[in-house]
Participant: 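Sharing a structure with you now.
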Protein chains: 2
Amino acid sequence: MPRAGLSTTAVVDAAVQVIDEHGASQLTLAAVAARCGVATPSLYKHVGNLAELRTLVGLRVLDELADRFTEAATGRSGAEAVTALMHAYRAYATAHPARYAAMPVDPLHQPELAAAGLRQLQVIQAALRPWQLGPSAQVHAIRRLRVMAHGFASLESAGGFGLPEDLDETYRQLIDSFLDTL
Amino acid sequence: MPRAGLSTTAVVDAAVQVIDEHGASQLTLAAVAARCGVATPSLYKHVGNLAELRTLVGLRVLDELADRFTEAATGRSGAEAVTALMHAYRAYATAHPARYAAMPVDPLHQPELAAAGLRQLQVIQAALRPWQLGPSAQVHAIRRLRVMAHGFASLESAGGFGLPEDLDETYRQLIDSFLDTL
DNA sequence: CTTTTAAGCTAATGGCATTAGCTTCGCTCG
DNA sequence: CGAGCGAAGCTAATGCCATTAGCTTAAAAG
């Protein structure tokens, strides 16, 4: 019986694939094991349990999004940077709707996820720098940005918009209304 | 052995209590049955299966929120009505965070839920009437309102805001930025 | 070539959803 | 008031999943 050559990373890879194909609620150790060509209990050599696997997937998603953020923001500043970040956020959620649903919304409250959450935060802070906001105003501005990005992305990726009206236009209005307040 | 006197409504009541106490992910037929003082299979006399129970809970939540909307909007109009609706939305989500998480985001796509979704929609339409928006502008305006309300409420009810800055102020800014665009 | 470590396996337990089929409460009607 | 019936609830059984324990053995280290 040859060895499958698994690793924690490979297990998380498989978990992400399961989520992409069947939805975040269908993430199951049995499904991941099947995809890895391994018996279910074998996964416990690489992952503590299902809850930990979920956390690792959450971390993966946070990191991926932070990478997109960094990519979108480099070489831009001000309104252009904010717009690029918002589009990167939405693009990630629509490209991987199930994965987006698996992203934890409170990364700063979980030690394993805090670093990835902070990476995202710092990119946004940098984009807002030109406006020279005070500490408190900056917090409120980042929150509003996050509310709009997450609100829109979670609704869109879950099929929550029923009418045929152009969604790009709605998103543009949201971004513009934010920029107008600065 | 006396009879428990259950009904579909009573089962949904118990399900909502389970969700309130243990979170939406812990909604289980076994937990509902225990709360009703009944064996698990007995629930199938009142509810098709777990998926249907989830739908019924979703309907209950949609209806409750529509009631709050109606209550908040009556006797008000214009900016005052919009503000009241937004506060009613947030108040419901913070009063019942787990229940809020159980609210379906695509009610218009499910026949059983469409009526409740439409009730909410109509209250919002009425509140926006003073601005005399065209059909398309109205759709975008309602979407932006929903994005902000849902984005904020889902983050807040999930503990997604990490910093101690005043959340009322952030929400106020969101509402103001919306009203400024009209 | 031996030793050792850890990867993977099988077996077993317990929780949950769901189905089938039985029992009996409690209402309706003669 | 008693017979009959429909629905409410029950027990038993199946199958899936997570998790644990303990065994086997591949493959790296010496």
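Naming: A, B, ... by sequence-line order, numbering from 1 per chain.
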Participant: Rounding to an integer number of Å, can you tell me how far A:Lys45 NZ sits from D:dT19 P?
Facilitator: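 In whole Å, D:dT19 P lies 16 Å from A:Lys45 NZ.
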Participant: In whole angstroms, how far is the P atom of C:dA7 from the OH atom of A:Tyr44?
Facilitator: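 It works out to 16 Å between those atoms.
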Participant: Mind calculating the distance between CG (B:Leu43) and C1' (C:dT18) to the nearest angstrom?
Facilitator: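 Result: 12 Å.
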Participant: What distance separates A:Leu65 CG from A:Tyr89 OH, expressed to the nearest 0.5 Å?
Facilitator: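 Atom-to-atom, A:Leu65:CG and A:Tyr89:OH are 6.5 Å apart.
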Participant: Given C:dT18, D:dG9, D:dA18, which nucleotide is nearest the side-chain atoms of A:Thr28?
Facilitator: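 When the side chain of A:Thr28 is considered, D:dA18 is the closest of C:dT18, D:dG9, D:dA18.
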Participant: I want to verify a distance call: between D:dC17, D:dG9, C:dC9, whose nearest atom is closest to the A:Val38 side chain?
Facilitator: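 In terms of side-chain proximity for A:Val38, the closest of D:dC17, D:dG9, C:dC9 is C:dC9.
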Participant: Rounded to the Å, how far apart are A:Leu29 CG and D:dA18 P?
Facilitator: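 After rounding, the reported distance stands at 5 Å.
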Participant: Any side-chain N or O of B:His46 under 4.0 Å from OP1/OP2 of D:dA7?
Facilitator: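 For D:dA7, neither OP1 nor OP2 has a side-chain N or O of B:His46 closer than 4.0 Å.
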Participant: From A:Tyr171 OH over to B:His140 NE2, what is the distance, rounded to the nearest 0.5 angstrom?
Facilitator: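 A:Tyr171 OH to B:His140 NE2: 15.5 Å, rounded to 0.5 Å.
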Participant: At less than 4.0 Å, is any side-chain N or O atom of A:Ser42 found next to OP1 or OP2 of C:dC9? Yes or no.
Facilitator: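 Checking A:Ser42 against C:dC9: at least one side-chain N or O falls below 4.0 Å of OP1 or OP2.
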Participant: Can you tell me the distance, in whole Å, between the NE2 atom of B:His22 and the C1' atom of C:dC16?
Facilitator: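 The distance from NE2 of B:His22 to C1' of C:dC16 comes to 16 Å, rounded to the nearest Å.
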Participant: Tell me the interatomic distance from A:Glu52, atom CD, to D:dT19, atom P, rounded to whole angstroms.
Facilitator: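 Roughly 10 Å, once rounded to whole Å.
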Participant: Using a 4.0 Å heavy-atom cut-off, does B:Ala39 contact any base of the nucleic acid, only the sugar-phosphate backbone, or nothing at all?
Facilitator: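 Contact class for B:Ala39: base.
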Participant: CD1 of B:Ile19 to CD of B:Gln17: how many Å apart, nearest 0.5 Å?
Facilitator: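 With rounding to 0.5 Å, CD1 (B:Ile19) is 11.0 Å from CD (B:Gln17).
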Participant: Quick one: which of C:dG8, D:dC17, C:dA17 gets closest to the side chain of B:Leu50?
Facilitator: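 In terms of side-chain proximity for B:Leu50, the closest of C:dG8, D:dC17, C:dA17 is C:dA17.
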Participant: Does B:Phe161 have A:Arg143 sitting over its ring (NZ/CZ under 6.0 Å from centre, angle to axis within 45°)?
Facilitator: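 Yes, A:Arg143 lies over the aromatic ring of B:Phe161.
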Participant: Nearest of C:dT10, D:dA8, D:dA26 to any side-chain atom of A:Arg3?
Facilitator: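 Nearest to the side-chain atoms of A:Arg3, counting from C-beta on, is D:dA26.
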Participant: Could you give the distance from CG (A:Leu167) to CZ (A:Arg172), rounded to the nearest 0.5 Å?
Facilitator: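 So the gap between those two atoms works out to 13.5 Å.
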Participant: Taking atom P of C:dC16 as reference, at what distance in whole Å does atom CZ of B:Arg54 sit?
Facilitator: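 It works out to 13 Å between those atoms.
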